[in-house]
There are 2 protein chains.
Amino acid sequence: MISLNYRDSRPIYEQIEDGLRKLIVTGALGADEKLPSVRALAAQLAINPNTIQRAYNELEGEGYIYSVPGKGSFASANAGADEARRRELLGKVRELLAELRYLGVSQQELADLVKEVFA
Amino acid sequence: MISLNYRDSRPIYEQIEDGLRKLIVTGALGADEKLPSVRALAAQLAINPNTIQRAYNELEGEGYIYSVPGKGSFASANAGADEARRRELLGKVRELLAELRYLGVSQQELADLVKEVFA
DNA sequence: TAACTGTATTAACCGTACTAGTACAGTCAG
DNA sequence: CTGACTGTACTAGTACGGTTAATACAGTTA
């Protein structure tokens, strides 16, 4: 479900955040679908439950999931309300595109990439 | 020339790397143009020269600049040879696009962004 | 009741970013 | 040649944050 890369300098909880966010935005995790419990995912990944909780906490702050004490954590129906993150991501994409252009990637190739993602 | 954000969790040397990389790929720093010396930039940013050196080191490893002992550091003529970085960036863009789609950004809007970068 | 859920708190360990200080060799203008 | 610049290298110390560990508590549910 999620893979960790210990060689990556990025913290584990961020890798988990990204992994879950990806599952949600790609539709692999449907709305109101139950996520693994904090302890279960910790056991599966062989890491501390606190690290999982931290990832869940931040994802809840971003609106991607919601947690109910005693019941569990679930994928949010719609996280599209996060305008700040949208602008942040657009800024990142803009910088990456500029560098890719410099690296010789054609406009056509990038346009195709956009089409592919929306296909 | 370069601004640091101490609230950012990312290391200073990475922020410097990104700043210089941006100056290079946007053409603000032309080919073989001289970069500030390790000590000069360190003084300007009020940080330790070692941190600057680390950033320069990594940028040289990526081919974005080259350094000559005794002379200085300079922007590379062509950094397009870095195929690994190209693929890395393309992967990142793909993930960002998927999330932006989920956040409600239209395909047209992203296609326009590509056009704008290449304008 | 028992086993699950999320949540909270505290202490400790450890990697690493960063600083500080120093040193050496190459370059270049005076 | 001299002196001031350049990049480079190394060591030592500090500080911060990620991660683990061990508990504890309250809500949920079969």
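Reckoned from all heavy atoms, side chains included, excluding hydrogens, waters and symmetry mates. Order of the sequence lines fixes the chain letters, A, B, ..., with proteins taken first and strands second; residue numbering starts at 1 for each chain.
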[atom2] on [Y] to [atom1] on [X], rounded to 0.5 Å:
X	Y	atom1	atom2	value
A:E17	A:Q15	CD	CD	10.5 Å
A:N57	A:S67	CG	OG	7.5 Å
A:T51	A:E14	OG1	CD	12.5 Å

Measure from [atom1] on [X] to [atom2] on [N] and round the result to the nearest Å.
X	N	atom1	atom2	value
A:R54	D:dT20	CZ	P	12 Å
B:N5	C:dC18	CG	P	12 Å
B:L45	C:dC18	CG	C1'	14 Å
A:K71	D:dT28	NZ	P	8 Å
B:I65	D:dG7	CD1	C1'	11 Å
B:I47	C:dT19	CD1	C1'	10 Å
A:E58	C:dG6	CD	P	17 Å
B:N48	D:dA12	CG	P	17 Å

* Asked: Do NZ/NE/NH1/NH2 and the carboxylate oxygens of B:E83 and B:R86 come within less than 4.0 Å?
  ->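 The answer is yes: the pair qualifies as a salt bridge.
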Show the distances under 3.5 angstrom between N or O atoms of the protein and N or O atoms of nucleotides 7-15 of chain C.
residue, atom, partner, partner atom, Å
C:dT7, O4, A:R39, NH2, 3.4

* B:S37 side chain near D:dT6 phosphate (N/O to OP1/OP2, under 4.0 Å) ->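 Yes, within the criterion.
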* Asked: Quick one: is B:T51 getting a side-chain N or O under 4.0 Å of the C:dA17 phosphate, OP1 or OP2?
  ->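 Checking B:T51 against C:dA17: no side-chain N or O falls below 4.0 Å of OP1 or OP2.
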* 5' priority, DNA chain D, between A:A46 and A:G70 [closest heavy atom] ->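 The residue closer to the strand's 5' end, by nearest nucleotide, is A:A46.
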* **Short side-chain to backbone donor-acceptor contact, B:R101 and A:V117, under 3.5 Å** =>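 Flag set: sc B:R101 to bb A:V117 pair under 3.5 Å.
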* **A:S76 side chain to A:G63 backbone, donor-acceptor under 3.5 Å** =>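 Side chain of A:S76 to backbone of A:G63: a pair is present.
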* Side chain to side chain, A:Y66 and A:D32, heavy atoms closer than 4.5 Å ->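 When only atoms from C-beta onward are counted, A:D32 and A:Y66 do touch, with a gap below 4.5 Å.
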* For A:K71, does the NZ atom sit with more than 12 other heavy atoms under 6.0 Å from it, leaving out its own atoms? ->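 For A:K71, atom NZ is not crowded (no more than 12 foreign heavy atoms under 6.0 Å).
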* Asked: If an axis is fit to five pairs at each end of the helix from C:dT1-D:dA30 to C:dG30-D:dC1, what is the angle between the two, to the nearest 10°?
  ->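 End-to-end axis angle for the helix from C:dT1-D:dA30 to C:dG30-D:dC1: 30°, rounded to 10°.
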